[in-house]
Amino acid sequence: MNYIKVDLDRQLGSIHPHIFGGFAEHLGRCFYGGIYEPGSALADEHGFRKDVLEALSRLQMPIVRYPGGNFVSGYRWMDGIGPVEARPARPELAWETIETNHFGTNEFIQFCRKIKTEPYFVVNCGDGDMREARDWVEYCNSSQETALVKLRRQHGFDAPHNVKYWGIGNEVDGEWQIGYKTPEEYARAYKEFAKVMRWVDPSIKLLASAVSNWSAEFVERTQLLLDQASDFIDYLAIHWYVGNPENDFANYMTVSEFFDERIGVAEGMLKAMKVQRNIQRPISIAVDEWNVWYRARGETLAERNNLEEIYNLEDALVVAMHFKAFIRHCQTVKMANIAQIVNVIAPIFTSPDGLFLQTIFYPFELYSRTCGNIALDPFWKGDTFSAGKHTALRTLDVSASLDEAKKSVVIFVVNRSQTDALETTISLDSGFFAGKVQAHVINGSDIKATNSFNQPNQVGVKTAVLTAERSRLNYTFEPHSVTALECQID
Ligand code: AHR
């Protein structure tokens, strides 16, 4: 028997909606042949695939990072503005292809408006310089009578785009990056880029590329960055990708501990430096690239250009567990961006004729649609499992949120057992269940179930309506499932 206790008074803090962010890179078929396909019968008058926009809108992403990723470290944003026929094609070194620049800044802004999301731009801190970075801020955000503002107006955008979030560099700590930077080089470049970008627009929020290479000396790197540039940092950005290369389901399910460890490490570094350097300003954590990615790792040239990972049910469980980590660390994690959003390691997969929703689409949609604005601190006990280096982990992975205005509590549960349905008693303290509970369950026939064009519904979500007693609800969580119990409360 399992037992979950949710106390409405045990609150962890506010959940920032940006934890449901996305990331779209000029890579493979993310834009070209995915989001953007002028001439397609499925495209709107601006060339955007209507079916893709509709699917993306279901995910309710409040923010999307652009244009890379590794791509940005060789990107000249000015190549991607103005009349499309005049834009230069360039060799693209990060993913070994040719970038036509048919999609660029203004197309991305249009895209954001269409799916009601906010843009988050990353500037080139690889082979780009601070002049290009500050010019981009000016082109996007200024309304002064300058040449770049006139140019934006000529391009059809009278009002500023008001891009608030700007990252400086991508994965600068990796040798794979164009313009890899040593800790000293990045700390210095970051500060100088940030300074002039802020001089152009003092209202922007800046993200520093802190850790993606977890096997390098990231502690010293982060320390140096905070030591030299803390006045210019609003977020420390960290990245990770996970997978199940050993095909060991139980071990894969322990990845929740990895998320806690990585976020905890970033929190610890931040806390220590705040004390040591008496840093008063708030600095948050952005996990601005995260996902499952281990199959399409780029062993062939076609893969290197595409990264078209096909997800299964166990990956969907892992995506759900990410949200548990972000919800529990809500005081520090104020942004997270699934990498990526269409075709390239993504929840949406297209062909010229249509699309299907990958398994990982469903947990993203469920959490972003139902999650309240306050994180609760539920207590739970019951069945356990051991795998890899972990012993006695609770089989249920639980998080909960409250929305006081809507009078709703959502209890999110991942049942990490491959075989067992887990009977559970859920009790509510400091409030009462008020009648109906909607139980949304994501599941499929087995942990390796995948969706495809031929079989698009092998994994999906089903909703049932239940009735709770005043303070108690009995529920049995299906094996290998993700459940959100959306409960009205008094
Ligand atoms: O998302 C794919 C790639 O993963 C990104 O370009 C890079 O930042 C990371 O290594």
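Order of listing sets the numbers, starting from 1, for every ligand and every atom in it. If you read the sequence from its start, that first residue is 1, and numbering goes on from there. Owing to the predicted nature of the structure, the values given are computational and were not obtained by experimental measurement.
You'll find the ring centres of Trp290 and Phe326 inside the 6.0 Å limit. Aromatic pair Tyr36/Phe31: ring centres not closer than 6.0 Å. In this structure, Tyr139 has its ring center no closer than 6.0 Å to that of Phe157.
We find that Asp446 and Lys448 are not joined by a salt bridge, their nearest charged nitrogen and carboxylate oxygen being 4.0 Å or further apart. Taking a cutoff of 4.0 Å between a charged side-chain nitrogen and a carboxylate oxygen, Glu107 and Arg87 qualify as a salt bridge.
Protein neighbours of ligand 1 below 4.0 Å, counting non-hydrogen atoms: Phe23, Glu25, Gly69, Asn70, Trp95, Asn170, Glu171, Tyr241, Glu289, Trp293, Gln340, Ile345.
Contact record, Thr222 with Val211: OG1-CG2, 3.9 Å, taken as the closest heavy-atom pair.
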